Amino acid sequence: MFETLLPPEPDKILRLMAMFAGDPRPDKVDLGVGVYRSPEGRTPVMRAVKEAERRIWEAQETKSYVALTGDAAFLDAMRELILGDAVPAARVAAAGTPGGTAAVRQVLEMARRLTPEATVWMSDPTWPNHPAIADHLKQTRRTYRYYDTATGGLDREGMLADLAHAKKGDLILLHACCHNPTGADLAQADWAEIAAICARTGAIPFVDMAYLGFGDSLEEDAEGTRLLAARLPEVLIAASCSKNFGLYRERVGVVLVVTGEGGPTLAAQGTLANLNRQNYAFPPDHGARVVQTILGDATLRDDWRTELRAMRETMLGNRAALAEALRAETGSDRFGFLAAHRGMFSLIGATPAEVTTLRDTHGVYLVGDGRMNVAGLTAETIPKVARALAEVLARADAPA
Ligand code: PMP
């Protein structure tokens, strides 16, 4: 059977990381890899996580299996964090998953099982793993317009016009906040328009929530998702605790299935348990237990929120400082969108050739599509990055 085995396509981000590591220039800047970095360049274990781990280590007496969908207290805490009181708990089925990636996979598997003919609508562009997983599951997918590269903002009209073609049972995949890779988010009025389209067409929103708390606040970042849950009978949610709890390698995620009033919550719960059983049996417990310990303790929860706010403010500060430095460099507001974007990423509108020049000539590393991780910036590197961007992305039509 191995004669048909092909060597794997080299992973672009891993290749970029290797190039960065091998670059001898002392002033090189890594704006590629998708993890949060503190002003000191670290991806820290959060204080509340350390303390929760200490408590778990002291109190835990068994590592025996928990439940196919994970610990009920974790699921309850995550439902509350994500949905607040937008819908009664009785309408929500939930399952723990190994990270947000597996949550996306389980949602798509559930949809494929229930409506194999459905189309999955994805923003153009989106996180590359969205189309990759849908293709692996042989699901039909289509893109909807999302990002206006000319303005660095949302292509609202294009998006709404494309989504109006969705059919009953189709999934509309949305990023809850901090859109990856563009950084351009939906306003509350856009969420309301999408809810109306779903109500009219019978399409079902599928919200990928990988950066809750990285945008404006835990509450504001969940507002769009809550609006959908309050207005529509069915909503699918895949959430990750990788970024907002800094638990990347522990693999903590959750699927929430919002069903209609008096709807089949139990059947949905059974389906999620069954999908977990087939794919990996039990979800990992350690990281989920850390999250549940933090959310269930007022002191740890407050400390986590404080540290999360500081991380968010670092990213917002980097955005404002880079936009300002670019204004000074270019004499224009062409890059003002950087300050309006939210989350770790912004698509800066660079061609692949410009990305190469930024790397080779200036030691500024971005992903090939021009995605920048603003968490990789520091007060020291912002002037250099602004100079490099202004020089390489100079446009004939831009004011001098
Ligand atoms: N969705 C999106 C949009 C993401 O950017 C990520 C993280 N890169 C994920 C889901 C899943 O992350 P993880 O599996 O690490 O929790």
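No experiment lies behind these values; they were computed from the predicted model shown. For ligands, and for the atoms within them, numbers begin at 1 and follow the listed sequence.
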Just which atoms of ligand 1 are under 4.0 Å from any heavy atom in [X]?
X	value
Thr101	11 (C), 12 (O), 13 (P), 14 (O)
Ala210	1 (N), 2 (C), 4 (C), 6 (C), 9 (C), 10 (C)
Gly99	14 (O), 16 (O)
Arg251	13 (P), 14 (O), 15 (O), 16 (O)
Ser240	12 (O), 13 (P), 16 (O)

Hey, what's the ring geometry for [X] with [Y], parallel, tilted or perpendicular (30° and 60° as the breaks)?
X	Y	value
Phe20	Tyr365	perpendicular
Tyr146	Tyr144	perpendicular
His130	Trp127	perpendicular
Tyr65	Phe282	parallel

Protein contact to atom 10 (C) of ligand 1 [nearest heavy atom, distance to 0.1 Å]: Trp127 CZ3, 3.3 Å
Residue, atom name and distance, where the atom is the protein heavy atom closest to atom 7 (C) of ligand 1: Lys243 NZ, 2.9 Å
Ligand 1 versus Asp208: contacting region, heavy-atom distance under 4.0 Å: side chain
Contact partition for Tyr248 relative to ligand 1, non-hydrogen atoms under 4.0 Å: neither
Any donor-acceptor N or O pair under 3.5 Å, side chains Ser123, His179: yes
Test log, rule salt bridge (Lys or Arg N to Asp or Glu O under 4.0 Å), inputs Lys63 and Asp285: CA-CA 9 Å; Lys63 292 280 188 191; Asp285 176 73; over 6 Å; no
Sole candidate of Asp208, Leu186, Thr126 that passes side chain to side chain contact (heavy atoms under 4.5 Å, CB included) when paired with Leu174: Leu186
N-O pairing of Asp185 and Arg342 below 4.0 Å: no
Regarding ligand 1, does [X] bring an N or O atom to under 3.5 Å of one of the ligand's N or O atoms?
X	answer
Gly100	yes
Ser242	yes
Asn180	yes

